[in-house]
Novice: 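Let me give you the structure first, and then I'll get to my questions.
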Amino acid sequence: MKIATYNINGTNARLPRLLEWLEAFQPDVACLQEIKTATENFPVDTLKAAGWHCLVHGQKGFNGVAILSREPATETQRGLPGDESDEQSRYLEAEVGGVRVASIYLPNGNPQPGPKFDYKLAWMARLEAHAASLLGLGTPVVLAGDYNVIPHDDDIWDPRAMQDDALMQPESRAAFRTLLWQGWTDAVRSLHPRGGIWTFWDYQAGAWQRDHGFRIDHLLLSPQAADRLLNAGVDRDVRGQEKASDHAPTWVTLTA
DNA sequence: ATGCCCGCTTACAGCGGA
């Protein structure tokens with residue numbers, strides 16, 4: 001079973017690339033972020049014609065997450081619990097093929113310090129609470145998405161380049177570690193423990209050509225999912241295509 | 001120190017992204 005996460009940075013701009021990638025890499029489940037479209041405008045008919053079931057939690061212009069799957073999925077959570085006043089579409093969760101899968105778009109948090117960074121940390125605290133409840137299921141769970149956290153200094157080409165950025169502040173990293181300490185496995189890290197794996201390359205300053213990237217797209221596995229972990233990686237070449245997203249698809253394979 | 005590039009919007013400039 002292949003589960004992928006892909007921040008597509010806009011559905012309208014990325015649909016051809018998305019369809020090509022789905023056809024070429026054939027994930028069983030694809031968690032999408034930054035669909036940047038209202039739920040009713042997501043191209044479910046086009047994707048259905050290509051053989052994909054869609055669950056969509058959209059938002060006009062910004063944010064928005066979706067879960068595509070070859071087999072039908074049952075939605076289990078729409079929006080991250082813990083703050084009824086939060087109107088940003090950043091969390092969607094479903095049961096598919098016996099695995100609980102979440103599509104997460106964690107707030108960026110820049111500039112820091114400031115209200116956006118406060119929102120990021122508050123959002124991470126809510127995610128910790130919900131993640132703890134998911135661990136209580138005692139079943140395979142995959143929390144897949146754009147976490148907007150660079151966990152270690154070897155998850156970026158040069159830590160000095162982003163040292164003041166919200167993505168690698170001590171508070172952001174501590175909140176990510178708190179998740180791991182609950183019992184989650186960072187799948188890519190567990191198979192590439194020396195770092196040096198990137199999932200994002202900025203559009204600016206020739207970052208792709210210079211391989212100036214970092215790792216912010218993660219798949220966290222519950223113990224019952226980690227027991228089934230076969231492989232994990234990044235579809236890097238997708239980033240080098242014309243009209244690419246600034247993120248590359250990141251994935252795990254689990255035993256059937 | 002800032003912006004670079006990109007996608008979005010009752011758009012043609014400004015915001016958000018990372």
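Each chain gets a letter, A, B and so on, in the order its sequence line appears, and its residues count up from 1.
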Novice: Would you say a side-chain N or O of A:His247 is under 4.0 Å from OP1 or OP2 of B:dG17?
Specialist: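 It does not, given that no N or O in the side chain of A:His247 lies less than 4.0 Å from OP1 or OP2 of B:dG17.
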
Novice: Pick the P atom in B:dA13 and in B:dT2, then give their distance to the nearest Å.
Specialist: 24 Å

Novice: Side chain to side chain donor-acceptor pair (under 3.5 Å) with A:Arg228: which residues, sequence neighbours excluded?
Specialist: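 Listed in chain order: nothing, the list is empty.
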
Novice: Which parts of residues 147-169 of chain A get close to DNA chain B, meaning a heavy atom less than 4.0 angstrom away?
Specialist: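 Per residue number, the list reads A:Asn148, A:Leu167.
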
Novice: Considering residues at least two apart in sequence or located in another chain, which fulfil the ring pair (Phe, Tyr, Trp, His ring centres under 6.0 Å) criterion with A:His247?
Specialist: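 Residues passing ring pair (Phe, Tyr, Trp, His ring centres under 6.0 Å) with A:His247: A:Phe200.
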
Novice: Will you find, in the side chains of A:Thr74 and A:Glu95, an N or O donor that is under 3.5 Å from an N or O acceptor?
Specialist: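 Not at all, the side chains of A:Thr74 and A:Glu95 share no donor-acceptor pair under 3.5 Å.
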
Novice: Does one side chain, of A:Asp217 or A:Thr250, offer a donor that lies under 3.5 Å from an acceptor on the other?
Specialist: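 Note: A:Asp217 and A:Thr250 side chains miss the donor-acceptor criterion.
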
Novice: Output a table of donor-acceptor pairs, distance under 3.5 Å, between side-chain atoms of residues 47-55 of chain A and any protein atom two or more places apart or on a different chain; print 'none' if there are none.
Specialist:
none

Novice: Quick one, give me the B/S/- string for nucleotides 5-14 of chain B, reading 5' to 3', where B means a protein heavy atom under 4.0 Å from the base and S means that only happens at the primed atoms, P, OP1 or OP2.
Specialist: BSSSSS----

Novice: Roughly how far apart, to the nearest Å, are B:dG16 and B:dA1 at atom P?
Specialist: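 Nearest-Å result for B:dG16 against B:dA1 at atom P: 22 Å.
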
Novice: Check the distance between B:dG17's P and A:Gln112's CD and give it to me in whole angstrom.
Specialist: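 One finds 15 Å between P of B:dG17 and CD of A:Gln112, rounded.
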
Novice: For A:Lys120, answer base if it contacts any base atom (sugar-phosphate contacts may also be present), sugar-phosphate if it contacts only those atoms, and nothing otherwise; contact means non-hydrogen atoms under 4.0 Å.
Specialist: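 Counting heavy atoms under 4.0 Å across all strands, no contact is made by A:Lys120.
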
Novice: Any ring pair (Phe, Tyr, Trp, His ring centres under 6.0 Å) pairs touching residues 215-241 of chain A, not counting sequence neighbours?
Specialist: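 Ring pair (Phe, Tyr, Trp, His ring centres under 6.0 Å) check on residues 215-241 of chain A returns A:Tyr147-A:His218, A:Phe176-A:His218.
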
Novice: Rounding to an integer number of angstrom, what distance separates B:dA11 and B:dC6 when you compare their P atoms?
Specialist: 24 Å

Novice: Is the closest side-chain donor-acceptor distance between A:Trp157 and A:Asp211 under 3.5 Å?
Specialist: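 A:Asp211 and A:Trp157 do not have a side-chain donor-acceptor pair below 3.5 Å.
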
Novice: Could you go through the side-chain contact (heavy atoms from CB on, under 4.5 Å) check for A:Arg17 and A:Val238 one step at a time?
Specialist: CA-CA 8 Å; A:Arg17 288 290 90 78; A:Val238 173; 5.8 Å; no

